[in-house]
Amino acid sequence: RNLGTLLHEAGDLEGAAKLFSEALEGSRETLGNDHADTLVSMNNLGGLYQERGDNEGAKALYVEALRARRETLGDAHPDTLISINNLGGLLHAEGELEAAAKLYHEALYARRQTLGDTHPRTLTSINNLGTLLKAQGLLDEASTLLREALTSSRATLGDSHPATLSSMYNLAQLLEETGDLQAAAPLFEEELRGCGTAYGEQHPQTLSSARNLVRLLTDAMPDRVGEA
């Protein structure tokens, strides 16, 4: 791992951004704008910009990286699909749901074709599209995908894997939104137990899961609060 990555992991986003920017400029000058290493640097800096809230800066880099990867690697190359997913995620976060959905559909179709239905990256795409469809109000279509993601994650990764826990949470949210609280509550409870095992009882994700479960039980099932 390089120093920029270490600074990023330590939470020094400003220091990491400076080093990532230097790495990208160096790659542009020595390797060219479309070289694979330049595109990795572009993607890294774009992700850091997004994390800092600079969505415009991130978007410009994501768009450039995706264009170059489509031209040099093809639409279905794994690196191209990462760029498609990154740009789709940014558009999703900005509320550009139609544009994000188009990219998510493309990534999911290609990953099913090239990696299979149960590959972890395919499951990520299934989850991404499922949560976006939920945001669009297409709850039946979202339910189909989120159930598929959870079933496959349990079978291939195990019940306590972070990806499985994320799938659990996404489906539980959908069930709550559709009013199926009897099905949502056990999933929230299982996700909370899994987070405690995977991350520790005081981890922010575990604490967030606990708050979600208490909220559900308090608001919708007050007679069960004492069991939480």
Taking every non-hydrogen atom, the tightest pair across Thr206 and Gly200: OG1-O, 2.8 Å
Do the side chains of Leu165 and Leu175 join up, straight or via other hydrophobic residues, at under 4.5 Å, putting them in one cluster? yes
Roughly how far apart are Tyr62 OH and Ser83 OG, rounded to 0.5 Å? 9.0 Å
Without swapping roles, check the side chain of Asp54 against the backbone of Gln50 for a donor-acceptor pair under 3.5 Å. no
Just how far is it from atom OG1 of Thr5 to atom CG of Leu19, taken to the nearest 0.5 Å? 9.5 Å
Would you check, one step at a time, whether the test side chain to side chain contact (heavy atoms under 4.5 Å, CB included) holds for Asn128 with Asn85? CA-CA 9 Å; Asn128 288 344; Asn85 188 66; 2.7 Å; yes
Mind listing the closest non-hydrogen atom pair of Leu216 and Ala185 along with its distance? CD2-CA, 3.6 Å
Given the rule in the side-chain hydrogen bond (donor to acceptor under 3.5 Å, both in side chains) test, do Thr72 and Asp34 qualify, once you have shown the distances and angles that lead to the verdict? CA-CA 8 Å; Thr72 60; Asp34 293 348; over 6 Å; no
Rounded to the nearest 0.5 angstrom, the CG-CZ distance for Asp159 and Arg154 is 5.0 Å
Check whether Thr164 reaches the backbone of Ser160 with its side chain - one donor and one acceptor, N or O, closer than 3.5 Å. no
Which heavy atom in Ala76 sits nearest to a heavy atom in Leu81, and how many Å separate them? O-CD1, 3.7 Å
Let's go through His105 and Leu108 carefully: what are the C-alpha distance in whole Å and the side-chain angles of both, what is the deciding distance for side chain to side chain contact (heavy atoms under 4.5 Å, CB included) to 0.1 Å, and is it a yes or a no? CA-CA 5 Å; His105 275 291; Leu108 176 55; 5.8 Å; no
Exactly one of Arg111, Arg67, Arg70 clears salt bridge (charged side-chain N to carboxylate O under 4.0 Å, His left out) with Asp75, and that residue is Arg70
Do Lys102 and Glu96 meet the salt-bridge criterion of a basic N to acidic O distance under 4.0 Å? no
Inspect the contact between Glu22 and Arg28 and indicate whether a charged nitrogen and a carboxylate oxygen are less than 4.0 angstrom apart. no
Could you tell me if the side chain of Asn212 sits less than 4.5 Å from the side chain of Leu192, heavy atoms only? no
Would you say that Lys59 contacts Tyr49 through its side chain, given a criterion of any heavy-atom pair below 4.5 Å between the two side chains? no
Any side-chain heavy-atom pair of Tyr199 and Pro204 under 4.5 Å: no
Shared hydrophobic cluster for Tyr109 and Ile84 (ILVMFWY, side-chain gaps under 4.5 Å): no
Cluster check Leu123, Leu133: I/L/V/M/F/W/Y, side chain < 4.5 angstrom: yes
Looking at every heavy atom in both Glu201 and Gly196, which two are closest together, and how far apart are they? OE2-CA, 3.9 Å
Could you check if a side-chain atom of Glu14 sits within less than 4.5 angstrom of a side-chain atom of Asp12, using non-hydrogen atoms only? yes
Any donor-acceptor N/O pair, Thr38 side chain to Gly32 backbone, under 3.5 Å: yes
Taken to the nearest 0.5 Å, the spacing of Glu106 CD from Leu129 CG works out to 12.5 Å
Got a second to check how far Leu146's CG is from Ile126's CD1, nearest 0.5 Å? 9.5 Å
Walk me through it: do Leu39 and Leu73 pass the test side chain to side chain contact (heavy atoms under 4.5 Å, CB included)? CA-CA 11 Å; Leu39 299 179; Leu73 302 174; 5.6 Å; no
Is it true that the side chains of Ser143 and Arg147 contain a donor and an acceptor less than 3.5 Å apart? yes
Is any side-chain heavy atom of Thr30 closer than 4.5 Å to a side-chain heavy atom of His35? no
Ile82, Leu90: one ILVMFWY side-chain cluster at the under-4.5 Å cut-off? no
Should Asn86 and Asn43 count as side-chain neighbours, where that means a heavy-atom distance under 4.5 Å? yes
Any donor-acceptor N/O pair, Ser152 side chain to Thr118 backbone, under 3.5 Å: no
Do the side chains of Gln173 and Met168 get nearer than 4.5 Å, heavy atoms only? no
Leu66 with Leu91, same ILVMFWY side-chain cluster at under 4.5 Å: yes
Taking side chain as C-beta onward, heavy atoms only, is Pro78 less than 4.5 Å from Arg121? yes
Nearest heavy-atom neighbours spanning Phe20 and Asn44: CD1-O, 3.9 Å
With the threshold set at 4.0 Å, does a side-chain nitrogen-carboxylate oxygen contact exist between Glu148 and Arg112? yes
What are the two closest non-hydrogen atoms of Ala163 and Asn127, and how far apart are they? O-ND2, 4.5 Å
Does the side chain of Ser209 come under 3.5 Å of the side chain of Glu191 through a donor N or O and an acceptor N or O? yes
Just how far is it from atom CZ of Phe188 to atom CG of Leu213, taken to the nearest 0.5 Å? 8.0 Å
Give the C-alpha distance, both sets of side-chain angles, the deciding distance and a yes or no for side chain to side chain contact (heavy atoms under 4.5 Å, CB included) between Arg211 and Leu207. CA-CA 6 Å; Arg211 288 192 293 269; Leu207 297 175; 3.9 Å; yes
Arg69 with Glu64: basic N within carboxylate O range, under 4.0 Å: no
